[in-house]
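Any value given below was found using the heavy atoms of this structure, including those in side chains, with hydrogens, waters and symmetry copies removed. Both counts, for ligands and for their atoms, begin at 1 and track the order of listing.
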Amino acid sequence: MAVCPEQEHPTKAFGWAARDSSGVLSPFKFSRRATGKNDVTFKVLYCGICHTDLSMLKNEWGVSMYPLLPGHEIVGQVTEVGSNVEKFKVGDSVGVGYLVGSCQSCDSCSNNAENYCPEMILTGGAKYYDGSTTYGGYSNIMVADEHFVIRIPDNLPLDGAAPLLCAGVTTYSPLRYFGLDKPGMHVGVVGVGGLGHVAVKFAKAMGVKVTVISTSPNKKKEAIENLGADSFLVSRDNGQMQAAMGTMDGIIDTVSAVHPLLPLLGLLKTSGKLVLVGVPAKPLELPVFPLISGRKIVAGSTVGGLKETQEMIDFAGKHNITANVEVIPIDYVNTAMERLIKADVRYRFVIDIANTLKSSS
Ligand code: NAP
Ligand code: ZN
C-alpha cells in the first residue's frame, strides 16, 4: 500500500504540487528524510521555473507520476549537514539542479557525467533509492546527498543564480563538449527563453561571436543591447536566413516545440554542429541530404555532470553571469505557467519561496 507523503519521512515539509495532468499546482504537504550522514539540508530561498517543469506537469512526454512537485533550479541556505559532509557548513549558499542521485559506478558516473547515468534520479517526480518519491524545489526545504549539491559563488545574487542550475549548465555543457567555445567561432542560439538567453551570455563570455535565431522580432533590441548578441535573425524571415547560410560553426537549439531543422542545417558551415537541447513533445524531421553534403553533425545534450555544474557556476561567478529573472510569489505559479506557454517571460520566472510559501497556504 502506498505510504502517505506526509508520513514517509520524519521532517515535515510543504510545497505546491500537481495532482494530475491538468498540471494545476496547489498547496501540498509531504515530508523529507532526516539529514543523513552524507546529506546537506537547506532552507529553499528561490526556485526557477524551467519549461521542463511545464512539460512534466502536463505529462507531455508520457512519463509523469502524480502528485508531482517540480522544481530543479533550487537555491537556499544550509541549515544542517551530516557527519561525513566535508564540502559544506551551516549558512552556506547552495543549490541543487536536475539530479539528486546516480549509481556512482558506471562509465558515465566514473567520467563525471552523472547526467548520463542510466540510473540517475531526477530531483522531482522520481523514485529515490529507498523507494520514496522525490519532490522538487517548489517547497520549503531540501535534503540532498552532498555529491549533488553545488556551491553558489558569493558574488552572485541567489534569484538570478537559481536558473543556472539547469538552464545554465544545459547550455554551458554542449558549448564546451562540442568545442563551440573557441574565441572567434560563430555560434547560433535558437530560441531566446530561459535556456537561450543564458546560452548567449555564456558563449559571449567564452569569446564566441553569437547570432540569435528567434521567432520573436521584438526580442532583437534586448538580445543585442542587454544579452550581448552580435546579431539577430528572425527565423521566419527567409531573406535573413538565406543571407546567413553557411556562416556558423555550431548552433545550440533550445526550442521547446516542433520546428523545422532544414533552415538551421543551412546556417552551418561544412562540418558544423547542430546541438539540440530543447525537447519537443513530437519527433523532428531530419533532412539527410544537407547533412551528408556538408558532413554536418546533429547531436543532443542534457544538463551536465556535477563537476561541470560547479565549474559552470564558478565561471558565471567570475564573469558575473546570472539569468534575467522575473521574481514571483508562489501563488502566481499557475499564471506563470500560462505565460511560459506563450513565451511571455524575459527570461526566467523564479519563485520567491522564502517570502511567499507559507505552510498554511
Ligand atoms: P522557454 O523559456 O519556454 O524558451 C523556449 C523558447 O523557444 C521560447 O522562448 C521561444 O523563443 C522558442 N519557441 C517556443 N515555441 C516555438 C516554436 N513553436 N517555434 C520556434 N521557436 C519556439 O523554455 P526553456 O526553459 O528555455 O526550455 C527550452 C526547452 O529545453 C524545453 O523543451 C525544455 O524542456 C528543454 N530543456 C532541456 C534540458 C536538457 O537537459 N536538454 C534542460 C532544460 C530544459 P523565441 O521567442 O526566441 O523564438
Ligand atoms: Zn530544467
For this session: Indicate yes or no: does K282 engage E60 in a salt bridge with an N to O separation below 4.0 Å.
Result: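 Looking at E60 together with K282, the answer is no, because their closest N to O distance does not fall below 4.0 Å.
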For this session: Compare every heavy atom of V303 with every heavy atom of C166, then report the nearest pair and how far apart it is.
Result: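 Heavy atoms only, the tightest pair is SG-CG1, 4.0 Å.
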Problem set entry | Heavy-atom pair of closest approach, residues S64 and M56 |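 That would be OG-O, 2.6 Å.
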Ligand-side contact atoms (ligand 1) for residue partner [X], heavy atom cut-off under 4.0 Å:
{"X": "S214", "value": "45 (P), 46 (O), 47 (O), 48 (O)"}
{"X": "R348", "value": "24 (P), 25 (O)"}
{"X": "L195", "value": "24 (P), 25 (O), 26 (O), 27 (O), 30 (O), 36 (N), 43 (C), 44 (C)"}
{"X": "W61", "value": "34 (O)"}
{"X": "K219", "value": "9 (O), 11 (O), 45 (P), 46 (O), 47 (O)"}
{"X": "L340", "value": "2 (O), 3 (O)"}
{"X": "V192", "value": "9 (O), 11 (O), 45 (P), 47 (O)"}
{"X": "C166", "value": "42 (C), 43 (C)"}

For this session: Can you pull out the closest protein heavy atom to atom 32 (O) of ligand 1? Residue, atom name and distance to 0.1 Å, please.
Result: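 Its nearest protein heavy-atom neighbour is V279 N, 2.9 Å.
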[X] versus ligand 1: do any nitrogen or oxygen atoms come within less than 3.5 Å of each other?
{"X": "S55", "answer": "no"}
{"X": "T302", "answer": "yes"}
{"X": "G196", "answer": "no"}
{"X": "Y347", "answer": "no"}

Exercise. Taking atom CG of L195 and atom NE2 of H51, what is their separation to the nearest 0.5 Å?
Worked result: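 Spacing of CG (L195) from NE2 (H51) equals 10.5 Å.
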Exercise. CD1 of I353 to CE of M142: how many Å apart, nearest 0.5 Å?
Worked result: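 CE of M142 is found 11.5 Å from CD1 of I353.
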Exercise. For ligand 1, which part of T254 has a heavy atom less than 4.0 Å away: the side chain, the backbone, both, or neither?
Worked result: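 Contact part for T254 vs ligand 1: backbone (N, CA, C, O).
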Exercise. Under a 4.0 Å heavy-atom limit, does A257 contact ligand 1 with its side chain, its backbone, both, or neither?
Worked result: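 Near ligand 1, A257 shows its side chain, while the N, CA, C and O stay back.
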Exercise. Ignoring hydrogens and geometry, is there a side-chain-to-backbone donor-acceptor pair from N324 to R346 under 3.5 Å?
Worked result: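 No; zero donor-acceptor contacts below 3.5 Å.
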Exercise. Does C50 put an N, O or S atom under 2.8 Å from the Zn ion (ligand 2)?
Worked result: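 Under 2.8 Å: C50 contacts the Zn ion (ligand 2) through an N, O or S atom.
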Problem set entry | The one among C50, A343, G193, G304 that brings a heavy atom closest to atom 6 (C) of ligand 1 |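 It is G193 whose heavy atom sits nearest to atom 6 (C) of ligand 1.
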Exercise. Does ligand 1 have any atom sitting under 4.0 Å from a heavy atom of P280?
Worked result: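 It does not; every heavy atom stays at 4.0 Å or beyond.
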